[in-house]
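Just below is one structure, and these are the notes that go with it.
To find a chain, count down the sequence lines: A is the first, B the second, and so on, and within it residues start at 1.
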Amino acid sequence: MEQIIQYKKEDPGYPERLKNISGAPKKLYVLGSLPEEGRLSVAVIGARDCSEYGKYVAKELGTALGGSGISVISGMARGIDGISQEAALDAGGSSYAVLGCGVDICYPEANRQLYERLKSGGGIISEYPPGAPALACHFPPRNRIVSGLADVVVVIEARIKSGTLITVDMALEQGREVYVVPGRLTDRLSDGCNRLIKQGAGILLSPEDFVRELLEGEVGKAARNLAGKFRKEEAGLAGEKRKEVARNLAGETRRKEAARNLAGETRKKEAAKSMTGESGKEAGNLAGGRQRGALSPELAAVLEALDFMPQTLEQIRVQLPEECQDKPITTYLMRLCMEGLAVQVSPGRFCCVKG
Amino acid sequence: MYSAVYSGALCGVSAYLVSVEVDIARGLPGFGMVGSLGCEVRESRERVMVALKNVGIDMPPCRITVNLSPADVRKEGTAFDLPIAIGVLEAMGILPSGAGEGILFLGELGLDGELKRARGVLPVVRAAEAGGVRQCIVPKANAKEGAVIPGIAVRGAENICQIMEFLTVGSAEEADAVLPVQTVDIGALFEEEVSGERLDFGDVSGQREARRAAEIAAAGFHNLLMVGPPGAGKSMIAKRIPGILPALSLEESLEVTSVVSVAGLMKEGEALVTQRPFRSPHHTISQAALIGGSSYPRPGIISLAHRGVLFLDELPEFQRIVLDALRQPIEERLVNISRVNGNVTYPSDFMLVCAMNPCPCGYYPDRNRCRCSEAQVRRYMGKVSGPILDRIDLCVELHPVDIAGLKEKAGAEGSASIRERVMRARERQKDRFEGSGYRFNGDIEASCIDRYCVLGKEEQDCMEQLYHSLKLSARAYHRILKVARTIADLAGEDCIGTEHLLEAACYRPSLEYWE
């Protein structure tokens with residue numbers, strides 16, 4: 001049986017990030033571990049009933065974050081939450097779920113697999129004692145922990161009236177930076193995001209760039225912030241707490257070191273990644289070039305007509321030139337699926353895959 | 001005095017001869033009936049007595065005994081009225097002894113002696129012909145139905161007086177004048193079907209893939225599932241599928257007519273059912289009504305859809321138990337019904353066409369209109385049990401028709417030319433399955449797939465790649481091969497090509513899309 005660990009606010013293991021938010025939880029129950037201090041963490045949040053687009057972005061972002069050692073914090077809900085967390089774990093990263101019920105309860109039940117994986121690949125966190133049921137009133141307060149544990153909050157899809165926007169409000173209150181994935185004007189699921197952009201939120205244009213920016217700029221900043229805070233604390237400390245200060249200092253240096261290490265590591269990683277990425281990309285280009293070069297003009301035209309948003313066959317057909325119309329376009333599309341260039345989202349809808 | 005005449009009783013969709021024996025003897029006056037009779041057969045006593053009285057025949061104060069032999073098989077229905085009345089008349093001496101010999105009688109009597117239509121005339125006449133009977137007298141409303149069977153003279157009578165006259169006149173010519181032999185021009189009936197008005201595929205605007213899937217399904221007798229929002233044209237397409245299936249052959253038509261006749265659903269004066277059946281039960285249908293049964297077995301909707309189309313609209317709304325009961329009839333193409341009162345078999349070789357919305361509101365995955373949660377969608381899809389989906393070869397998604405699709409209507413292909421292609425594809429299948437017991441590509445079992453769906457090197461590679469990239473199951477793999485075989489048949493190709501496999505793969509049914 002897994003051990004549920006309790007952290008009181010005054011305990012040393014209690015997350016530093018949470019300590020200075022308003023209404024910080026008095027106690028945390030954790031299954032697995034807490035997000036590592038000093039390691040960058042990003043909250044990925046969004047609609048439960050998301051679109052294909054949302055699923056796609058959540059997966060890409062989760063993979064990018066997980067692959068570069070950034071923790072993904074979310075609520076383990078259906079849709080965006082679960083998908084991004086799963087992707088992060090798949091990419092070898094760590095992920096942490098903040099629940100609105102006891103940590104011993106898997107809610108929603110559909111994410112059982114993710115729940116089990118999180119125990120070893122990160123942690124399950126709640127302010128509610130084990131056994132607490134998933135009540136509707138538990139969820140808005142847990143959102144403050146989601147944003148509180150993160151350095152940056154990314155919103156992927158949100159309707160105008162949604163729980164996701166509650167989290168965003170809390171994140172802003174806590175001084176967290178908010179990034180938003182833009183959407184189309186006509187998509188109700190992107191209304192919330194687009195409005196946030198209008199209000200001045202950061203815009204996430206590509207998961208890879210976002211991650212790179214984070215690692216380059218933000219890591220240092222985060223580390224500085226952390227350091228600054230510790231200095232302030234140190235100055236305010238009374239004599240009898242010197243031991244603790246020393247400990248803190250030691251902790252700080254350890255942390256600084258960790259941050260440096262992390263930065264170094266990430267730099268190294270990035271270098272490695274850019275190298276492999278470069279070569280990978282080259283190889284990909286070669287392969288892709290081969291693949292795409294080998295495509296017949298009809299197939300190329302069909303591929304051209306495809307979008308990341310799933311389209312119906314009718315929508316695809318109207319974009320095709322005359323010469324593709326005689327054969328059933330299903331044949332072309334299935335060939336693209338077979339080659340791994342397109343995906344059949346449902347029997348009558350296709351979208352292309354990032355090449 | 002003793003007399004005996006022939007009649008017939010139904011068992012499933014076939015019939016057997018019944019000998020109706022009547023004896024009139026001195027004794028306490030009474031009318032006794034024996035021979036394992038249902039209550040409506042017992043009531044025949046009252047109808048016969050009153051009908052005979054009303055046509056001017058006084059019943060003697062004697063002891064009348066009627067036996068329906070074989071006496072150990074349960075008999076039902078009202079069609080024994082006429083043979084009992086004829087037997088009584090003969091036993092009374094009003095009709096000359098032996099007048100009814102070699103003739104099969106069937107029909108219900110009204111209290112005024114009028115002859116009313118009966119159920120299952122076709123199977124009974126068929127059994128009579130097989131049993132060596134050369135003449136039948138049936139109600140006029142059913143005469144054409146019986147006349148379809150060659151080698152037996154079927155005469156239709158309106159009332160019992162006509163029959164008495166027929167049996168008493170001297171010469172054959174005079175008898176023919178009283179009750180002429182009914183004739184039916186079967187050729188003309190079939191021609192009428194081909195040239196007759198029917199719902200045309202030309203009315204369906206847009207929906208190219210759905211039309212194509214319907215054509216493939218019709219050509220290979222595959223079961224089809226259509227998924228789409230309300231108003232996309234699912235029911236419209238389903239209703240037009242019988243029209244692109246090849247016309248019924250005489251043998252098939254007799255099978256269909258037998259079932260309809262046994263169910264008592266023949267129209268008055270109708271000789272043969274020449275149109276492919278199309279049955280679309282409401283989703284509240286009970287298991288007994290769909291499969292057949294009740295304590296006295298009657299054919300259910302699936303048997304009435306024999307050789308035609310069974311259309312289940314709003315598939316997830318059907319009770320699960322009802323859908324699951326479909327599994328065995330789909331597999332075996334016939335249905336066994338066992339009840340306390342008997343054990344019968346009805347044919348159920350139908351093409352299953354199903355339609356459903358993708359979610360309770362119908363608009364998933366259009367997230368701008370659909371507010372159903374993923375759980376709701378999954379629950380809705382989950383109502384369709386896996387075993388039923390396993391029996392569906394083709395799945396197609398329909399989308400709301402936009403203005404471009406509506407304009408296309410003028411150019412949409414009509415049923416007649418689609419039917420021609422389907423018939424050509426079926427000819428090829430007939431040649432292929434000669435002597436194998438299979439009839440259509442949809443029938444091929446997994447064990448014989450390799451024999452009938454032969455792939456070249458390139459095609460094998462293609463399937464292998466599809467298997468991995470689409471994460472197919474073994475069952476889905478086989479289904480794609482079967483459907484590809486039909487697509488190749490439609491194209492007139494002897495070998496399955498990669499384009500056939502790819503198109504078939506596009507129509508593979510799989511619930512994973514909605515999960």
Side-chain angles (χ1 to χ4, degrees), chain A residues 47-55 77-80 82-83 108-111 157 159 161 183-191 298-299 309-318 325 327-351 353, chain B residues 206-210 212-213 225-228 232 358 364-378 394-402 404-405 408 461-470 480 487 497-510 512-515:
Chain A
R48 282 171 306 192
D49 303 320
C50 55
S51 70
E52 288 298 327
Y53 169 69
K55 283 181 196 166
R78 287 181 286 116
I80 302 291
I83 293 169
E109 185 55 48
N111 280 345
E157 274 189 317
R159 291 178 195 269
K161 278 173 90 176
R184 299 198 292 198
L185 302 187
T186 48
D187 286 349
R188 297 286 80 81
L189 268 167
S190 289
D191 280 349
E298 290 90 0
L299 274 180
M309 294 291 281
Q311 286 176 299
T312 65
L313 291 165
E314 209 50 54
Q315 286 165 338
I316 297 167
R317 189 177 292 118
V318 292
Q325 305 276 1
K327 259 212 230 167
I329 62 165
T330 47
T331 315
Y332 298 125
L333 286 166
M334 287 314 291
R335 187 172 288 279
L336 291 174
C337 290
M338 195 175 83
E339 305 276 356
L341 298 170
V343 170
Q344 187 179 20
V345 182
S346 72
R349 294 177 317 132
F350 289 82
C351 66
V353 183
Chain B
Q207 306 297 9
R208 253 196 252 185
E209 276 66 38
R212 172 77 176 157
L225 170 66
M226 292 184 280
V227 185
Y364 184 85
D366 181 355
R367 277 298 185 193
N368 286 339
R369 291 180 81 171
C370 170
R371 289 298 299 262
C372 301
S373 73
E374 297 278 343
Q376 274 177 305
V377 175
R378 213 168 312 138
L394 286 153
C395 173
V396 69
E397 191 177 342
L398 284 86
H399 302 284
V401 183
D402 56 5
E408 205 182 294
D461 290 347
C462 173
M463 266 323 271
E464 201 169 309
Q465 215 174 336
L466 279 175
Y467 187 84
H468 292 302
S469 59
L470 303 180
I480 291 178
I487 295 174
T498 46
E499 68 267 39
H500 306 140
L501 291 171
L502 288 169
E503 192 178 0
C506 182
Y507 294 119
R508 78 195 184 282
S510 153
E512 79 208 24
Y513 302 122
W514 291 283
E515 279 177 358

Contact part of A/Arg78 toward chain B, heavy-atom cut-off under 4.5 Å: side chain, backbone, both or neither? side chain
Return the set of residues passing side-chain contact (heavy atoms from CB on, under 4.5 Å) with A/Glu298 (not counting sequence neighbours), or none when no residue passes. A/Ser296, A/Cys324, A/Tyr332
If you measure only the distance, is there a donor-acceptor pair under 3.5 Å linking the side chains of A/Glu157 and A/Ser51? yes
B/Arg212 with B/Glu209: basic N within carboxylate O range, under 4.0 Å: no
Tell me, for A/Arg349 versus chain B, whether the close heavy atoms (under 4.5 Å) come from the side chain, the backbone, both or neither. both
Go through the structure and list residues passing salt bridge (charged side-chain N to carboxylate O under 4.0 Å, His left out) with B/Arg369, not counting sequence neighbours. none
Heavy-atom distances under 4.5 Å only: say whether B/Cys462 touches chain A with side chain, backbone, both or neither. both
Proximity breakdown for A/Ala47 and chain B, heavy-atom pairs closer than 4.5 Å: neither
